[in-house]
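Since the structure comes first, as structure tokens, the remarks are kept for the end.
First the proteins, then the strands, lettered A, B, ... as listed; each starts at 1.
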Amino acid sequence: MGAWWAPQTIATQSSKRVSMDQVMISDLHRHVGETVTIRGWLHGRRSSGKIQFIQVRDGSGIVQGVLMKKTVDEALFKRCDALPQESSLSVKGTVRAEARAPGGHELSLTEIEIHQEADRDYPIAPKEHSIGFLMEHRHLWLRSRKPHATLRIRATIVKAVRDFFDSHGFLLIDAPIFTPAACEGTTTLFEVQYFDEKAYLTQSGQLYMEAAAMAHGRVYCFGPAFRAEKSKTRRHLTEFWMVEPEMAYGELEDVMQLAEGLLTFIVERVLESRREDLKVLERDLSKLEAVRPPFPRISYSDAVERIKVRRAELLRSPDEEQRKLAEGCLTEWGGDFGAPDETLLSGQYDRPVLVHRYPAAVKAFYMKRDPADERLALCVDVLAPEGYGEIIGGGQRADSLEFLESRIAEHGLPREAFQWYLDLRKYGSVPHSGFGLGIERTVAWICGAEHLRECIPFPRMLYKIYP
RNA sequence: UCCCGGAUAGCUCAAUGGUGGAGCGAGCGGCUGUUAACCGCUAGGUUGUAGGUUCGAGUCCUACUCCGGGAGCCA
């Protein structure tokens, strides 16, 4: 066997042995009856006089090792009995199928090598903690079961996104992080000193993707986005990740189909490869299994009518929360949806709902108008089920130079900064469309997480940048 | 930025204006099948900060700081 990083070892994955007799816990079922070594950390420990139960985690899972007083050195037995949580250690033992063990397997331990005895004051105890305390210890909280499961699912979602676009003729194009001016001119940006001039951290790669789509046809970018808005809710981060596909010759209908296909693919992939992690999170799988195409589609105007009807019903509800929700909803055509509207609307479906053709006035300047009704933009938002809100926003882009020029003037945006963007309409302009998918919101929805901050390893939020 | 709630042991929380407690965690001891084990004992406190009211403040008042929830904005 070659070094653990040798290509064939990684490629086959038939056995994740990385050195000598080391085995990953997730692979134990392949080694029943064998003597193996696990290298990891002490997750938990219980002792009962002459027998000790030692839970070891190695990143791939958790396994319980059984240590009998008579089978090991007495000094070692005693030392283990006092070993603090999170101490690093290697254990050697025989793999045994054991019905009583959570993972189905157990180790009869024969040797233990302690690499470092952890301090005794590991702050995350096996008990309830407040979210503020856990966030302050995010660097350690990552080791706990739920954050561990959530970030594994996040990785699976990211991989699914890339696989989907890579296999549908989209080329990965990285958008810049430093930008010379606001992309949309609406949100507050983080300003940075860029040599002798001011620059901003990107809030979206979309405009750059429009340029790239004119070169490659179908493209997507995947990267961080930054918003300096003082949002303080469970649905906001100042730094979040977004995937943004853009299609030359794509129209609103194409965008809606693409969004539906992508979300279906992501949910399928997570269901087939991350069931164990979803179980750790106590996620209701039937809610995810319901996510099958076609997704319901509704126009903004129809949605407003539905909201008005539902609002009137809820205002008569005996439940105070329901009445409060209804009071927050909009009452007439023309306004953008707020959180209560989205909750009320998405609550009527068991899968993501596509809301299309919003009033142009509440959308970004680059949206193309609906030729059938000039008040409307050819755009679509996708609202996730179960109140997780908007996970996708997109639509068809304005392709007329004159139209864009007047919108930029109307919004008071600096024309020079957008000259390159206008060039795209001067040299071979075509209909084109795309959208942005918020990764953390998607992770939150699929994991059933309460807050976005659980869905990114080290969240950046209003006034919070530690650790 | 606005609205609401909170800050007491390492953590999660009790305590009518009248001598600050419990569970978990930690330490010591016991227990051969524990699953956030169990049983006994021990240690652990400038009640967020600064003022004020009162014979007396964890408790009432004011300001500030920090934390949580929500709104707007958005992915």
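The V66(A) side chain lies nearest to rG33(B) when the options are rG33(B), rA75(B), rC31(B). Distances from the side chain of A339(A) to the nucleotides rG33(B), rA71(B), rC74(B) place rA71(B) closest. Taking the side chain of K464(A) as heavy atoms from C-beta on, and the options rA37(B), rC74(B), rC67(B), the nearest nucleotide is rC67(B).
Nucleic acid contact class of P340(A) (heavy atoms, under 4.0 Å, all strands): sugar-phosphate only. The residue L237(A) sits close to a base: some heavy atom pair falls under 4.0 Å.
With sequence neighbours left out, F165(A) forms a ring-ring contact (aromatic ring centres under 6.0 Å, His included) with F170(A), Y220(A). For E111(A), the side-chain contact (heavy atoms from CB on, under 4.5 Å) partners are K92(A), not counting sequence neighbours. Qualifying side-chain contact (heavy atoms from CB on, under 4.5 Å) partners for L330(A), counting only residues two or more places apart in sequence or in other chains: Y300(A), V304(A), F337(A), D341(A). Listed by chain and residue number, H168(A), F265(A) satisfy the ring-ring contact (aromatic ring centres under 6.0 Å, His included) test with F164(A) (two or more places apart in sequence, or in another chain).
Rounding to whole angstrom units, NZ of residue K50(A) and C1' of rU34(B) are separated by 16 Å. For the pair E229(A) CD and rC74(B) P, the interatomic distance rounds to 7 Å; values are reported in whole Å. Here the P atom of nucleotide rA75(B) and the CD atom of E390(A) are 5 Å apart, to the nearest Å.
Crowding of Q348(A) atom CD: a count of heavy atoms from other residues, nucleotides or ligands under 6.0 Å exceeding 12. E191(A) CD: more than 12 foreign heavy atoms inside a 6.0 Å radius. Within a 6.0 Å radius of CD in E410(A), other residues, nucleotides and ligands contribute more than 12 heavy atoms.
Near RNA chain B, meaning a heavy atom under 4.0 Å away, the residues from residues 106-113 of chain A are E106(A). RNA chain B lies under 4.0 Å from at least one heavy atom of each of the following residues of residues 447-456 of chain A: H451(A), L452(A), R453(A).
Here salt bridge (charged side-chain N to carboxylate O under 4.0 Å, His left out) pairs that include residues 452-465 of chain A, with residues two or more places apart or in two chains, number zero. Among pairs with a residue in residues 350-359 of chain A, those fulfilling side chain to side chain donor-acceptor pair (under 3.5 Å) read R357(A)-D370(A), Y358(A)-D381(A), at least two apart in sequence or across chains. For residues 142-158 of chain A, the pairs satisfying side chain to side chain donor-acceptor pair (under 3.5 Å) are E86(A)-R143(A), K146(A)-E282(A), R152(A)-D277(A), R154(A)-E440(A), T156(A)-R274(A), with sequence neighbours left out.
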Q: Could you check F418(A) against F365(A) for ring-ring contact (aromatic ring centres under 6.0 Å, His included), going step by step and ending with a plain yes or no?
A: CA-CA 12 Å; F418(A) 288 96; F365(A) 75 93; 5.5 Å; yes

Q: Begin from the C-alpha positions of V355(A) and D302(A) and carry the test side chain to side chain contact (heavy atoms under 4.5 Å, CB included) through to its verdict.
A: CA-CA 9 Å; V355(A) 185; D302(A) 289 346; over 6 Å; no

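Look at R235(A) and you'll find a side-chain N or O under 4.0 angstrom from OP1 or OP2 of rA71(B). Taking only side-chain nitrogens and oxygens, R120(A) comes nearer than 4.0 Å to OP1 or OP2 of rG27(B).
For rU35(B), its base never sits under 3.5 Å from the side chain of Q55(A) at any donor and acceptor pair. Judged by distance alone with a 3.5 Å cut-off, a donor-acceptor contact links the side chain of R441(A) to the base of rC74(B).
Within the 3.5 Å criterion, the main-chain N or O of E106(A) finds no donor-acceptor partner in the side chain of E98(A). For the pair Y122(A) (side chain) and L140(A) (backbone), a donor-acceptor distance under 3.5 Å is present.
Ring-to-base geometry places F240(A) in a stacked arrangement with rA75(B) (centre distance under 5.5 Å, plane angle under 30°).
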Please produce a list of atom pairs where a protein N or O lies less than 3.5 Å from an N or O of nucleotides 7-15 of chain B.
| residue | atom | partner | partner atom | Å |
| --- | --- | --- | --- | --- |
| rC11(B) | O2' | E128(A) | O | 3.4 |
| rC11(B) | O2' | H129(A) | ND1 | 2.7 |
| rC11(B) | O2 | K127(A) | NZ | 2.7 |
| rU12(B) | OP1 | S130(A) | N | 3.2 |
| rU12(B) | OP1 | S130(A) | OG | 2.5 |
| rU12(B) | O4' | K127(A) | NZ | 2.9 |

Polar atom pairs between nucleotides 1-5 of chain B and protein, under 3.5 Å, N or O only, would you list them?
| residue | atom | partner | partner atom | Å |
| --- | --- | --- | --- | --- |
| rU1(B) | OP1 | K230(A) | NZ | 3.4 |
| rU1(B) | O4 | K230(A) | O | 3.0 |

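When base pairs are accepted only as Watson-Crick or G-U wobble with both N-N or N-O distances under 3.5 Å, RNA chain B takes part in stems of 3 or more pairs at B:1-7 with B:65-71, B:10-13 with B:21-24, B:26-30 with B:38-42, B:48-52 with B:60-64.
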